[in-house]
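Input: a single structure, listed below in structure tokens.
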2 protein chains.
Amino acid sequence: MDIFLETVSALNDETRIKLLFFLDTHGALCVCDLQESFGMIQSRLSRHLKILKDGGFLRVDRCGTWAYYSIRNPLDRFRSEALAEIRCLGIELPPLIKHSQTGDCKL
Amino acid sequence: MDIFLETVSALNDETRIKLLFFLDTHGALCVCDLQESFGMIQSRLSRHLKILKDGGFLRVDRCGTWAYYSIRNPLDRFRSEALAEIRCLGIELPPLIKHSQTGDCKL
DNA sequence: CCATAACATCAACATATCTTGATATATTAT
DNA sequence: ATAATATATCAAGATATGTTGATGTTATGG
């Protein structure tokens with residue numbers, strides 16, 4: 001019950017829905033890239049990404065000082081159904097602004 | 001987007017999840033029966049049922065002074081997937097206490 | 001018409017969630 | 001070692017949501 005509520009409440013925010021769709025569209029991105037793209041301060045994004053991760057939607061790959069967030073794969077039925085629903089919403093996403101230099105990170 | 005959020009936030013409450021599962025299990029019930037079964041005051045139930053209805057999960061059939069709530073049928077993919085997920089949660093439900101006399105209502 | 005029952009809605013309070021700015025931690029570069 | 005960068009976390013205020021008791025509304029029955 002609590003796990004389901006954690007999953008559902010992760011979806012219960014406009015910012016997080018956009019983040020999910022953005023990461024679904026562009027693949028793995030670090031917090032600073034999302035910060036540039038969304039024009040949001042870092043603490044706000046960091047919080048929402050944590051909630052999406054705890055809700056089972058995202059994974060994190062740390063690489064030096066960067067944290068790359070991406071859609072977890074595979075997603076279970078309910079979560080992938082939610083993601084499919086989000087794809088149908090016609091959400092306008094901001095342009096991707098890549099600010100980070102991945103260098104020798106293996107993603 | 002707003003419609004999806006309305007659907008998701010309808011799921012984002014323990015009382016509402018139990019109501020969904022209860023109605024899924026027992027079929028159409030009026031508010032006073034839910035009141036007896038759940039031991040909750042009427043205004044609280046009425047509010048949650050409205051949220052579930054607005055979220056697209058429930059329908060209402062009025063019959064004299066009674067309002068019978070039941071799972072909407074058919075549910076779309078996302079909502080039925082959510083309901084399926086709820087069925088797997090192992091939620092303990094209170095016993096059904098039928099207080100209403102349906103009389104000549106056609107349900 | 002009046003009383004009662006079922007239900008919906010409102011106002012007020014309590015609780016939870018989101019946002020922001022500040023601070024902490026860890027990694028990299030000089 | 002020092003500075004700079006990326007990220008996480010915390011505390012405080014703002015906003016949203018849930019709960020309760022009171023009040024409306026509608027339908028039924030005497």
Side-chain angles (χ1 to χ4, degrees), chain A residues 2 5-20 23 28-55 58-70 97-107, chain B residues 2 5-20 23 28-55 58-70 97-107:
Chain A
D2 292 335
L5 274 172
E6 194 174 25
T7 302
V8 165
S9 73
L11 292 170
N12 194 32
D13 182 274
E14 186 167 335
T15 299
R16 290 196 288 271
I17 289 177
K18 285 183 181 164
L19 282 171
L20 267 183
L23 291 168
L29 291 172
C30 65
V31 182
C32 62
D33 288 340
L34 294 167
Q35 193 177 341
E36 296 287 330
S37 301
F38 279 81
M40 289 180 185
I41 64 178
Q42 177 267 327
S43 66
R44 181 176 173 186
L45 285 167
S46 198
R47 179 181 198 273
H48 285 302
L49 291 165
K50 176 178 167 49
I51 291 171
L52 284 169
K53 179 170 74 71
D54 292 346
L58 299 183
R59 58 176 291 178
V60 202
D61 294 286
R62 298 193 182 279
C63 165
T65 170
W66 288 280
Y68 283 88
Y69 285 87
S70 56
I97 301 174
K98 287 219 87 170
H99 162 261
S100 62
Q101 321 288 340
T102 51
D104 54 356
C105 289
K106 305 153 197 153
L107 287 173
Chain B
D2 292 333
L5 273 172
E6 195 174 25
T7 301
V8 164
S9 72
L11 292 171
N12 194 33
D13 182 273
E14 186 168 335
T15 299
R16 290 196 288 272
I17 290 177
K18 284 184 182 165
L19 282 172
L20 267 183
L23 291 168
L29 291 172
C30 64
V31 182
C32 62
D33 287 340
L34 294 167
Q35 193 177 340
E36 295 288 330
S37 301
F38 279 82
M40 290 180 184
I41 64 178
Q42 177 266 326
S43 66
R44 181 176 173 187
L45 284 168
S46 198
R47 179 181 200 273
H48 286 302
L49 291 166
K50 177 177 167 49
I51 292 171
L52 285 168
K53 179 171 74 74
D54 293 346
L58 299 183
R59 57 175 290 177
V60 202
D61 293 287
R62 298 193 184 280
C63 165
T65 169
W66 288 281
Y68 283 88
Y69 285 87
S70 56
I97 301 174
K98 286 219 88 172
H99 162 261
S100 62
Q101 321 289 340
T102 51
D104 54 358
C105 288
K106 307 151 196 154
L107 286 174

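Throughout, a chain's letter reflects where its sequence line sits, starting with A, and its residues are numbered from 1. This is a predicted model, so every value here is computed, not measured.
- No side-chain donor-acceptor contact under 3.5 Å links Arg44(B) to the backbone of Gln35(B).
- Each of Leu29(B), Asp13(B), Leu45(B) was scored for a side-chain contact (heavy atoms from CB on, under 4.5 Å) with Leu19(B), with one residue passing: Leu45(B).
- Between Gly55(B) and Thr7(B), the closest heavy-atom pair is O-OG1, 3.4 Å.
- With distances taken from any side-chain atom of Ile51(A) to the nucleotides dC18(C), dT9(C), dT20(C), the minimum falls on dC18(C).
- Distance CG (Leu11(A)) to P (dT17(C)): 14 Å, rounded to an integer number of Å.
- If you measure from atom CZ of Arg62(A) to atom C1' of dT5(D), you get 15 Å, rounded to the nearest angstrom.
- Side chain of Ser9(B) to backbone of Leu5(B): a donor-acceptor contact under 3.5 angstrom is found.
- Sequence order on DNA chain C of the closest nucleotides to Ile41(A) and Ala67(B) puts Ala67(B) first from the 5' end.
- Residue Cys30(B) has its side chain nearest to dC7(C) when only dG18(D), dC7(C), dT20(D) are considered.
- For dC18(C), one of the phosphate oxygens OP1 or OP2 lies less than 4.0 angstrom from a side-chain nitrogen or oxygen of Arg47(A).
- Taking atom CG on Leu52(B) and atom C1' on dC7(C), their separation rounds to 16 Å, with Å as the unit.
- Interatomic distance, CG of Leu20(A) versus OH of Tyr69(A), reported as 13.0 Å (0.5 Å rounding).
- Proximity note for Val31(A) (side chain, C-beta onward) versus dA8(D), dA8(C), dT19(D): the nearest is dA8(D).
- Here Thr65(B) does not reach the OP1 or OP2 of dA6(C): none of its side-chain N or O atoms lies under 4.0 Å away.
- A donor-acceptor contact under 3.5 Å is formed by the side chain of Gln42(B) with the base of dA8(C).
- Mapped onto DNA chain C by nearest heavy atom, Arg44(B) and Thr15(A) fall at different nucleotides, with Arg44(B) at the one closer to the 5' end.
- Comparing Ser43(A) and Arg16(B), the nucleotide of DNA chain D nearest to each residue sits closer to the 5' end for Ser43(A).
- We find that CH2 of Trp66(A) is positioned 17 Å from C1' of dT25(C), with the value rounded to whole Å.
- Look at CE on Met40(B): it is 13 Å from C1' on dT20(D), rounded to the nearest Å.
- Close to dA6(C), at under 4.0 Å from its OP1 or OP2, lies no side-chain N or O of Tyr69(B).
- At whole-Å resolution of the value, CG in Asp13(A) and P in dT17(D) are 10 Å apart.
- Protein atom NE2 of His48(B) is 13 Å distant from nucleotide atom P of dA8(C), rounded to whole Å.
- In this entry the distance linking CD of Glu14(B) with C1' of dT17(D) reads 15 Å, nearest Å.
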